[in-house]
Amino acid sequence: MTTQSLLPAAPSTRFGLPLICLLLTLAGCAGQGPYHEPDEPEWEPSRKPPAVQTPPPQQPRVTQPTQPQPPKQAPRMKAHPRFAPPPGGNCYWDTGLGVYVLEGQQNVFYRERVYYRWDNGWSYSNGPQGPWLPTDASGVPAGLGRRFH
């Protein structure tokens, strides 16, 4: 019967003893908190709120009464690059309405070979003098339908 030792084999003496010393030193450092000088107070956040700088008081503004301004008109163009103007009529392209506005005729508009007229309701025609056929806002260009209702 052979007897075996229950203890593990001793580490090599060349590396064993220095390795054990190193491990014990590191284990001791890991168990402690950071080092503080005894004279050095621990850092605490400031309990005072930051100073708020207030601007110097300003003189009250004196405002002049303003006149009501007329609503801005959409830019006018003599012609549109895609839509041809009506034949033989003095007109301009209204970019806000998306149509030609005939000058000298009240609420008469033109776009793509159709004339539109607003007279407490919409009507349309193939010519600026009529005959006018009634329609609703869905039968006119969108800009006109939004402006007159």
Side-chain angles (χ1 to χ4, degrees), residues 8-9 11-12 14-149:
S12 162
R14 182 173 177 201
F15 294 111
L17 187 58
L19 183 61
I20 290 173
C21 290
L22 178 64
L23 290 175
L24 288 173
T25 304
L26 291 176
C29 291
Q32 296 182 7
Y35 174 74
H36 293 287
E37 290 285 331
D39 299 350
E40 181 182 329
E42 291 208 23
W43 180 83
E44 289 186 22
S46 174
R47 296 182 191 266
K48 292 189 287 184
V52 177
Q53 295 180 355
T54 57
Q58 295 180 354
Q59 297 295 328
R61 291 187 198 176
V62 177
T63 57
Q64 298 294 330
T66 58
Q67 298 295 327
Q69 298 293 325
K72 289 187 178 182
Q73 291 184 343
R76 295 180 178 185
M77 302 181 339
K78 190 64 182 162
H80 187 273
R82 180 174 167 221
F83 302 113
N90 288 337
C91 62
Y92 62 90
W93 177 262
D94 187 312
T95 58
L97 297 176
V99 294
Y100 284 97
V101 177
L102 275 68
E103 294 175 342
Q105 296 190 34
Q106 180 95 13
N107 295 332
V108 177
F109 311 95
Y110 176 85
R111 181 167 149 181
E112 297 184 89
R113 300 184 190 144
V114 179
Y115 291 87
Y116 302 95
R117 180 179 71 175
W118 172 259
D119 187 18
N120 293 324
W122 284 110
S123 55
Y124 69 98
S125 174
N126 290 334
Q129 304 306 324
W132 296 99
L133 301 170
T135 186
D136 60 3
S138 66
V140 299
L144 288 176
R146 286 190 299 267
R147 170 75 64 86
F148 300 90
H149 40 262

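The model shown is predicted, which means the values in this text are computed figures rather than measured ones.
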Work out which heavy atom in [X] is nearest to a heavy atom in [Y]; give both atom names and the distance.
| X | Y | value |
| --- | --- | --- |
| Tyr115 | Pro87 | OH-CD, 3.8 Å |
| Pro131 | Ser125 | O-OG, 3.1 Å |
| Pro134 | Tyr124 | O-CE2, 4.0 Å |
| Ala84 | Tyr100 | O-CE1, 3.3 Å |
| Val140 | Gly145 | CG2-N, 3.8 Å |

With Tyr116 as reference, evaluate Thr135, Leu144, Leu97 under the side chain to side chain contact (heavy atoms under 4.5 Å, CB included) test and give the passing residue.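 By the side chain to side chain contact (heavy atoms under 4.5 Å, CB included) criterion, Tyr116 pairs with just one of Thr135, Leu144, Leu97: Leu144.
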Return a table of donor-acceptor pairs under 3.5 angstrom between the side chains of residues 105-112 and protein atoms on other chains or two or more places apart.
residue, atom, partner, partner atom, Å
Tyr110, OH, Arg113, N, 3.1
Arg111, NH1, Gly98, O, 2.9

Pairing residues for Asp136 by the side-chain hydrogen bond (donor to acceptor under 3.5 Å, both in side chains) criterion, not counting sequence neighbours: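 Asp136 satisfies side-chain hydrogen bond (donor to acceptor under 3.5 Å, both in side chains) with Ser138 once adjacent residues are dropped.
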Interatomic spacing from OH in Tyr92 to CG in Leu102 - rounded to 0.5 Å: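 Taking OH in Tyr92 and CG in Leu102, the distance rounds to 10.0 Å.
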